Amino acid sequence: AQSVTQLDSHVSVSEGTPVLLRCNYSSSYSPSLFWYVQHPNKGLQLLLKYTSAATLVKGINGFEAEFKKSETSFHLTKPSAHMSDAAEYFCVVSFTLSGNTPLVFGKGTRLSVIA
Amino acid sequence: DAGVIQSPRHEVTEMGQEVTLRCKPISGHDYLFWYRQTMMRGLELLIYFNNNVPIDDSGMPEDRFSAKMPNASFSTLKIQPSEPRDSAVYFCAILFGVDQETQYFGPGTRLLVL
């Protein structure tokens, strides 16, 4: 069965320090992987996506993620956190639109940034 | 929000009332999705359409929920009768781009059923 696990429900970092949000997936196929961000009272915004091209994917706002097939991971990183990065982050896996669930969402990781 | 308009943005209603949520993508597309987000259950897919036809509605909670897509630029999600446990944020999303894999979300409708 396909699934996605975000290992931390809440991550707190100091402004200017690195960010690491962890995501592992389970799939029988080669999936497409996404990270979305949701700021308070807003919709979900696409940060970046991996679709079997380069394993290191760069997204908006300085975020990047690395696809590691051997570890079935797609962790999100940023070298230096800003206060504006405080939000909920979702790791998302896409399998096939012919299946019952075209996208599988993780439970989300809430990122807090401390001044 | 990639051109997805949802209305209303906020809705407060009393238990038993009918609620209709609307989604209008600015441009035509092939796929449209309805999601519900709550603190307890996170983000749940309710139903999705392909070329205006419902493909999978297994996420629709019960018969009180119904969704329609009369054309490529409009969809509704109706709850009748509404219950307090339906309180949530409801998102509409579309597939966008040549890869047809990236979903773009509307701003959501925050529903409170008293």
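The chains referred to below are lettered A, B, ... by the order of the sequence lines, with proteins before strands, and numbering in each begins at 1. The structure presented is a predicted model; accordingly, all values stated were derived computationally and were not measured.
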Below 4.5 Å from any heavy atom of chain B, which atoms of A/Glu88 appear? Answer side chain, backbone, both or neither.
neither
Out of curiosity, does A/Val104 fall in the hydrophobic cluster containing A/Leu7 (side-chain heavy atoms, cut-off under 4.5 Å, transitive links)?
no
Neighbour count >12 (heavy atoms, 6.0 Å) for atom CG, B/Asn71
yes
Just how far is it from atom NE2 of B/His10 to atom CG of A/Asn41, taken to the nearest 0.5 Å?
7.0 Å
If two hydrophobic side chains count as joined below 4.5 Å and joins carry through other members, does A/Val57 share a cluster with A/Ile60?
yes
Got a second to check how far A/Leu44's CG is from B/Gln37's CD, nearest 0.5 Å?
6.5 Å
Quick one: pull up OH in A/Tyr36 and CZ in B/Phe105 and give me the separation to the nearest 0.5 Å.
5.5 Å
How long is the gap from NZ on A/Lys107 to CG on B/Leu43, to the nearest 0.5 Å?
10.0 Å
Could you pull out the closest heavy-atom pair between B/Phe91 and A/Lys42, with the gap in Å?
CZ-O, 3.9 Å
Honestly curious: do B/Leu114 and B/Tyr90 fall in one hydrophobic cluster under the side-chain, below-4.5 Å linking rule?
no
Is there a path of hydrophobic side-chain contacts, each under 4.5 Å between heavy atoms of I, L, V, M, F, W or Y residues, that connects A/Tyr89 with A/Val13?
yes
By a 4.5 Å heavy-atom criterion (distance strictly below it), what part of B/Arg110 contacts chain A: side chain, backbone, both, or neither?
side chain
May I ask whether A/Phe34 and A/Leu20 are part of the same hydrophobic cluster, defined by side-chain heavy atoms of I, L, V, M, F, W, Y residues being less than 4.5 angstrom apart, directly or through others?
no
